[in-house]
Amino acid sequence: MAQLSHFSSDDDATAVIAALERDGGAIVAGMLPADAVTAIVEELGPALAATASGSRDPDPKWQVFHGAATKRFTGLAVRSRAFVDHALLQPLLLATADALLLPHGSDYWLNTGQVMAIGPGEPAQVLHRDEGNWPEARRPGVELTISAMFALSDFTIENGATIVYPGSHLVDAAASRSDDGVDLDDPAYAVMPAGSGLIYTGKVLHGAGHNASAEWRYGLHVSFVVGWLRPEEASPLMVERALAMELPTRARELLGWSSYYSRGGGRTWLVDFEDAALLFE
Ligand SMILES: O=C(O)CCC(=O)C(=O)O
């Protein structure tokens, strides 16, 4: 079985970044302190209870991708301040995003903060690369997106730990969800206790594992995308200005309440042709 490198949240970010560049993914223990896990689980509890399994999209492709026994919801900054303080602003995740995304854009923003809770019996997810969201933009050597899957419950092979193919980020697959040239018989599994996180690049082939257990596998996904691309989640349509005003400046920027300055190009996401930060003065 292939392996990913393991780190602790106290380790130097440069070692984690080197592992991401080599393998496409790495596991970091203790990314969320135990009390943060407790607070996030408690604050997201009502939304988890209110969310039905499966997709409401009529397209069978998205129903399969979502998973009939999987619960997904976003808008996490609205529902959980602990999510903002501990997951969105997780220092090691931001350090890896700085290292991998800033060479390809002057800033990045939240792609999605998404609960991915996998119910008993759910088959393994379709393997994919997250950069497949943007087929028009993806190209070799350009990192568009970086993700973390935080474990809010223990992840095991039996309950659907994320499957990752180390090295598959270096394969220039012909299509965004292609597995061309990847040895599918040799996966790594993100087996990790609650509070740990799997950090992975947008180029690595991965997917949720089969949940063959009787328990729910509770995952919290946070991903960032370069600021010149449209994110998966429409965060500013969820996070109102009054809430944005209360948040730390970096959280507010990541959630879409900020303008983007292309290097050597124009400014975008403006308000009255001015920087969106002026909304908060
Ligand atoms: O739930 C997981 O382990 C991975 C899910 C995933 O990669 C996705 O839905 O994009």
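Note that the numbering runs from 1 along the sequence shown for the chain. Indexing begins at 1, ligand by ligand and atom by atom, following the structure's order.
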Mark yes or no: Arg267 above the aromatic ring of Tyr260, with NZ or CZ under 6.0 Å from the six-membered ring centre and no more than 45 degrees from the axis.
no
Go through the structure and list residues passing side-chain hydrogen bond (donor to acceptor under 3.5 Å, both in side chains) with Asp11, not counting sequence neighbours.
none
Within 45° of the axis and under 6.0 Å from the centre of the six-membered ring of Tyr218, does NZ or CZ of Arg72 qualify?
no
Identity and distance of the protein heavy atom lying nearest atom 5 (C) of ligand 1:
Gln125 OE1, 3.2 Å
Strictly under 4.0 Å, does any heavy atom of Phe155 approach an atom of ligand 1?
no
With Gln114, which of His221, Glu232, Glu233 fulfils side chain to side chain donor-acceptor pair (under 3.5 Å)?
Glu232
Go through ligand 1 atom by atom and flag the ones less than 4.0 Å from a non-hydrogen atom of Arg72.
9 (O)
Run the numbers for me: atoms of ligand 1, each under 4.0 Å from some heavy atom of Met149, listed by number.
1 (O), 2 (C), 3 (O), 4 (C)
Contact partition for Gln114 relative to ligand 1, non-hydrogen atoms under 4.0 Å:
neither
Residue, atom and distance of the protein heavy atom nearest atom 10 (O) of ligand 1 read His128 NE2, 3.0 Å
Just checking, is any N or O donor in the side chain of Ser55 or Asp57 under 3.5 Å from an acceptor N or O on the other one?
no
In ligand 1, the atoms that come under 4.0 Å of a heavy atom of Thr162 are 2 (C), 3 (O)
Residue part near ligand 1, for His221, under 4.0 Å between non-hydrogen atoms:
neither
Show which atoms of ligand 1 fall inside a sub-4.0 Å distance from at least one heavy-atom site of His206.
7 (O)
Between Asp130 and Tyr200, the two heavy atoms sitting closest are OD2-CE1, 3.4 Å
Taking the six-membered ring for Trp and the single ring otherwise, decide whether the centroids of Phe150 and His86 are under 6.0 Å apart.
no
Which bit of Arg217 is near ligand 1, meaning a heavy atom under 4.0 Å away: side chain, backbone, both or neither?
side chain
